[in-house]
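First the structure, in the form of structure tokens, and then the observations on it.
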Amino acid sequence: INPVISPSERDRLRQQASRAGQEAKAFGGSVLVDRSREAHNGNAVGPVLIQLPPQQAVTRDSWIHRELFGPVLHLVPFTTLSQATELANSSD
């Protein structure tokens, strides 16, 4: 796990990962792994893995689909390539 640039960025990333996890749960998804609050050397943030339900609607203001520039991975199920493309293109 590589560290982020500063303690404030570490704290920001932890807060955003928490918010994304809460939003995922509200839509019926789950947080499979959340090691973001574990103590690591320096400004490192542990990995977070969030799974969304297949019916999750993507919105541009959703925290679930934002790239958080850290070890936060969102799993979004799809059944067709066109559905996957639509999901990927519908977020900022």
Specify the closest pair of heavy atoms between P47 and V33, including all atoms of both residues, with the distance to one decimal. O-CG1, 3.8 Å
Taking atom CD as the centre, does E38 end up with more than 12 heavy-atom neighbours from other residues, nucleotides or ligands that are less than 6.0 angstrom away? yes
Do P7 and R10 have side chains that get closer than 4.5 Å, going by heavy atoms? yes
Residue pair V31 / G21: nearest heavy atoms and the distance that separates them: CG2-CA, 3.6 Å
Taken in chain and number order and not counting sequence neighbours, the residues that satisfy side chain to side chain contact (heavy atoms under 4.5 Å, CB included) with L73 are L49, L75
Distance-only polar pair, side chains of R12 and Q16, donor-acceptor under 3.5 Å: yes
CG on N43 to OG on S6, rounded to 0.5 Å: 6.0 Å
Applying a strict under-4.5 Å side-chain criterion to I, L, V, M, F, W and Y, I'd like to know whether F78 and L32 cluster together. no
Minimal non-hydrogen separation, P71 against G46, with atom names: CG-O, 3.6 Å
Using side chain to side chain contact (heavy atoms under 4.5 Å, CB included) as the criterion, list what pairs up with T80, not counting sequence neighbours. S82, Q83
Mind checking whether V45 and H40 have side chains closer than 4.5 Å, heavy atoms only? no
Residues forming a side chain to side chain contact (heavy atoms under 4.5 Å, CB included) with D11, sequence neighbours excluded: R14
Return the minimal non-hydrogen interatomic distance between A24 and L52, and the atom names on each side. CB-CD2, 3.6 Å
Determine, stepwise, if the pair V48 / R35 fulfils side chain to side chain contact (heavy atoms under 4.5 Å, CB included). CA-CA 6 Å; V48 178; R35 297 182 64 183; over 6 Å; no
